[in-house]
Asker: 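A single structure is presented below for examination.
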Amino acid sequence: MRYRNLGATGTVVSTLCLGTMTFGAETDEEGSFAQLDRFVEAGGTFLDTADVYSRGISEEIVGRWLRARPDVRDRLVIATKGRFPMGPGANDAGLSRVHLTRALDASLRRLGVEAVDLYQAHAWDPLTPLPETLRFFDDAVRAGKIRYAGVSNFTGWQLQKAALLTQHLNLTPIVTLQPQYNLLAREIEFELVPVCENEGIGILPWSPLGGGWLSGKYRRDTTPTGATRLGENPERGVEAYAGRNGQERTWQVLDAVGQVAKDLGASMSAVSLAWLAARPAVTSVILGARTIEQLDDNLTAADLVLNDEQMRLLDEASAPPVGDYPYGGAGIRQRGRDLPSGS
C-alpha cells in the first residue's frame, strides 16, 4: 500500500480508500466486517461512508466493527457525509446549519466516535447560502467534532467559490473533493481538476470502475444478467447498460485496459484503479466492493505502477469528446502564453 497527504493537509492516508456504500444493502454485516479486516490487513487507513448509505446502517456497521476492535481507531482516517434526506421533515435534508448539526451528531452516534476526521457536504444545496455551510464546518472543527471539511459532487464554479470564501472569511478550508471519476468519465478534468490543483484540494474519486464496466465483466450488445449491479438493474444510474454499450468509446477504452492488463498480468480492475491513482490531484481512490473477492482483486492495485507508454495508451483511448472551444485546441491556445525567447 502507498500513502499520500490528504489534500494540502499534514494527515496521511492510503492511496486506496474503502467505500462502504454496499454495507447493509449489497453486503451483509459479516461480509462488511470481512472487508474492513482485509482492508486494514493490507495497510489501508482510509474509510469513507455517509449517513444516507442504507439510511444509516452503513455507519452503524462501521461503528460496531470499531467497537469490536478498539485498537484500530487511531490507525484510521474516517470520513462521512451529510446532505441527502434522512427523514420526511422540511429540515431533514440540505446543507443548512440546522440539518448538518443534526446529521453530524447522528453520524457520530452511529459510528461511536467523538469526531470524524473528514466531514463532507454530499452535494450542492441551492437552498442554503454557501457561507452558512462553510461556517458550520468551521464551528464543527472548533468544537472538536470534525477535523477537516470536504465536498462531493460540486461543479467547478461551486468548488472555486467555496475555496475562495473560506480564504476570504478565514474559515476552515475545503481539503477534498469527492467526484465521479474513471476512465469512462473524465469530464472533471475540464474544470474541477484545475481548481483542485490550484487550491491544493485532494480528489477522492468515487465509482472508479464505472459501476463495474472497467472490470471487463460486460460484453458488447449482450444485456447483463445475474448477480451484478447491471444484471439486477440494467438501467441503473449513470452506468446504465444501453447508454454505454451504444458508445464506441466505451469499447475502445475497454480494449485498451484489457491490453495493458494482459501485458502486466494484472486484472482490468487493477489497471483502471492504478491509472486513476496516478492522475493529477488524486489523493485516494474509493473502492466499492460487494464481496471480499472483489476487494481482494481491487487491492492488487495498491502497488501497481503503470509506465509512461501504458498511461499514454489509456489516456488516448479514454480522452473525452470535446468541441474546439472552450476546452478544445482553440480554447487551449487562446488561454496559453509562452515566455519570449532570447535573442
Side-chain angles (χ1 to χ4, degrees), residues 4-9 11 13-23 39 44-53 58-59 62 76-84 94-95 100 103-104 107 111 116-125 130 133-134 137 140 146-163 166 172-197 199-211 237-239 272-273 276-277 279-289 298:
R4 291 179 183 154
N5 289 84
L6 183 67
T9 78
T11 295
V13 296
S14 51
T15 55
L16 297 180
C17 171
L18 183 60
T20 66
M21 188 173 69
T22 63
F23 291 7
F39 182 69
T45 63
F46 195 13
L47 304 181
D48 179 75
T49 187
D51 59 359
V52 76
Y53 294 167
S58 173
E59 288 181 326
V62 173
L76 299 175
V77 173
I78 298 176
T80 192
K81 302 180 282 292
R83 189 304 198 168
F84 290 115
L95 298 181
L100 288 182
L104 175 57
S107 288
L111 290 165
V116 290
D117 302 299
L118 176 64
Y119 193 59
Q120 302 156 99
H122 209 156
W124 178 261
D125 178 9
L130 186 54
T133 303
L134 298 177
F137 286 154
I146 71 174
R147 297 190 172 97
Y148 298 113
V151 299
S152 179
N153 301 312
F154 274 33
T155 61
W157 73 266
Q158 293 164 354
L159 182 62
Q160 184 65 77
K161 182 175 182 179
T166 61
T172 192
I174 299 300
V175 303
T176 57
L177 167 72
Q178 190 174 140
Q180 180 186 205
Y181 190 21
N182 57 63
L183 277 160
L184 294 173
R186 293 180 55 186
E187 286 77 7
I188 73 162
E189 295 173 9
F190 295 146
E191 294 284 353
L192 284 162
V193 171
V195 173
C196 290
E197 290 182 294
E199 300 295 342
I201 295 171
I203 298 174
L204 311 175
W206 60 261
S207 192
L209 298 179
V238 295
E239 66 263 21
S272 300
L273 295 170
L276 192 52
R279 299 300 295 169
V282 170
T283 287
S284 187
V285 177
I286 300 175
L287 309 178
N298 290 349

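We're numbering straight along the sequence, starting at 1. From a predicted model like this one, the values you see are computed outputs, not experimental measurements.
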Asker: Do you know the tightest heavy-atom contact between Asp51 and Ser107?
Answerer: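 Shortest heavy-atom separation between Asp51 and Ser107 comes out as CB-OG, 3.8 Å.
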Asker: My understanding is that only residues two or more places apart in sequence, or in another chain, count here; which of them pass side-chain hydrogen bond (donor to acceptor under 3.5 Å, both in side chains) with Glu199?
Answerer: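 Here the qualifying residues are Gln160, Gln167.
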Asker: Looking at residues at least two apart in the chain, or sitting in another chain, which of them share a salt bridge (charged side-chain N to carboxylate O under 4.0 Å, His left out) with Asp48?
Answerer: Lys81
Asker: So among Val285, Ile286, Thr15, which one has a side chain to side chain contact (heavy atoms under 4.5 Å, CB included) with Leu276?
Answerer: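 Single side chain to side chain contact (heavy atoms under 4.5 Å, CB included) partner of Leu276 among Val285, Ile286, Thr15: Val285.
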Asker: Distance from Ile78 atom CD1 to Glu59 atom CD, nearest 0.5 Å?
Answerer: 10.5 Å
Asker: Can you sort out the partners of Thr11 under side-chain hydrogen bond (donor to acceptor under 3.5 Å, both in side chains), two or more places apart, ordered by chain and number?
Answerer: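 Counting only residues at least two positions away or on another chain, Thr11 forms a side-chain hydrogen bond (donor to acceptor under 3.5 Å, both in side chains) with Tyr148.
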Asker: How far apart are the closest heavy atoms of Glu197 and Ala281, and which atoms are they?
Answerer: CG-CB, 4.0 Å
Asker: If the condition is salt bridge (charged side-chain N to carboxylate O under 4.0 Å, His left out), which residues does Glu189 pass it with, not counting sequence neighbours?
Answerer: Arg186, Arg279
Asker: Could you walk me through whether Leu287 and Leu273 pass side chain to side chain contact (heavy atoms under 4.5 Å, CB included), step by step?
Answerer: CA-CA 9 Å; Leu287 309 178; Leu273 295 170; 3.8 Å; yes
Asker: Would Thr283 and Thr176 count as a side chain to side chain contact (heavy atoms under 4.5 Å, CB included) if you check the C-alpha gap in whole Å, the side-chain angles of each, and the deciding distance to 0.1 Å?
Answerer: CA-CA 9 Å; Thr283 287; Thr176 57; 5.7 Å; no
Asker: Return the minimal non-hydrogen interatomic distance between Val195 and Gly156, and the atom names on each side.
Answerer: CG2-O, 4.1 Å
Asker: Could you go through the side chain to side chain contact (heavy atoms under 4.5 Å, CB included) check for Ser152 and Leu204 one step at a time?
Answerer: CA-CA 9 Å; Ser152 179; Leu204 311 175; over 6 Å; no
Asker: Quick one: side-chain contact (heavy atoms from CB on, under 4.5 Å) partners of Ala149, sequence neighbours excluded?
Answerer: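 Ala149 satisfies side-chain contact (heavy atoms from CB on, under 4.5 Å) with Phe137, Thr172, Ile174 only.
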Asker: What heavy-atom pair brings Gly94 and Asp125 nearest, and what distance separates the two atoms?
Answerer: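 So the minimum-distance heavy-atom pair works out to CA-OD2, 3.4 Å.
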Asker: With sequence neighbours excluded, tell me which residues meet side-chain contact (heavy atoms from CB on, under 4.5 Å) with Ser58.
Answerer: Thr20, Phe23, Thr49, Tyr53
Asker: Using atom types as modelled and distance alone, determine if a side-chain donor or acceptor of Asn182 lies under 3.5 Å from a backbone N or O of Ser207.
Answerer: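 Confirmed, Asn182 side chain pairs with Ser207 backbone.
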Asker: Show your working on side chain to side chain contact (heavy atoms under 4.5 Å, CB included) between Thr155 and Glu191 and close with a plain yes or no.
Answerer: CA-CA 8 Å; Thr155 61; Glu191 294 284 353; over 6 Å; no
Asker: What pairs with Trp206 under side-chain hydrogen bond (donor to acceptor under 3.5 Å, both in side chains), at least two apart in sequence or on another chain?
Answerer: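 Trp206: side-chain hydrogen bond (donor to acceptor under 3.5 Å, both in side chains) contacts with Asn153.
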Asker: Look up atom CG in Leu118 and atom CG in Leu6, then write down how far apart they are to the nearest 0.5 Å.
Answerer: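 Interatomic distance, Leu118 CG to Leu6 CG, rounded to 0.5 Å: 6.0 Å.
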Asker: I'd like to check the side-chain contact (heavy atoms from CB on, under 4.5 Å) partners of Phe190; sequence neighbours left out, ordered by chain and number.
Answerer: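 Checked Phe190 against side-chain contact (heavy atoms from CB on, under 4.5 Å); matches are Glu187, Pro320, Val322, Tyr327.
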Asker: If you take all heavy atoms of Leu16 and Asn298, which pair is closest and at what distance?
Answerer: CD1-O, 4.0 Å
Asker: Can you find a heavy atom in the side chain of Leu130 that is under 4.5 Å from one in the side chain of Trp124?
Answerer: yes
Asker: Partners of Thr45 by side-chain contact (heavy atoms from CB on, under 4.5 Å), sequence neighbours excluded?
Answerer: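 Expected list: Tyr3, Val13, Ser14.
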Asker: Just wondering, do Tyr119 and Thr80 contact through their side chains at under 4.5 Å, heavy atoms?
Answerer: yes
Asker: For Thr22, check side-chain hydrogen bond (donor to acceptor under 3.5 Å, both in side chains) against everything at least two apart and list the hits.
Answerer: Thr27
Asker: Mind checking the CG-CZ spacing from Leu95 to Phe84? Nearest 0.5 Å is all I need.
Answerer: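 Rounded to the nearest 0.5 Å, the CG-CZ separation comes to 9.0 Å.
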Asker: What's the shortest heavy-atom distance between Pro179 and Ile188, and which atoms?
Answerer: CG-CD1, 3.8 Å
Asker: In chain order, what residues pass the salt bridge (charged side-chain N to carboxylate O under 4.0 Å, His left out) check against Arg147, with sequence neighbours excluded?
Answerer: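 Scan of Arg147 (salt bridge (charged side-chain N to carboxylate O under 4.0 Å, His left out), adjacent residues dropped) gives Asp117.
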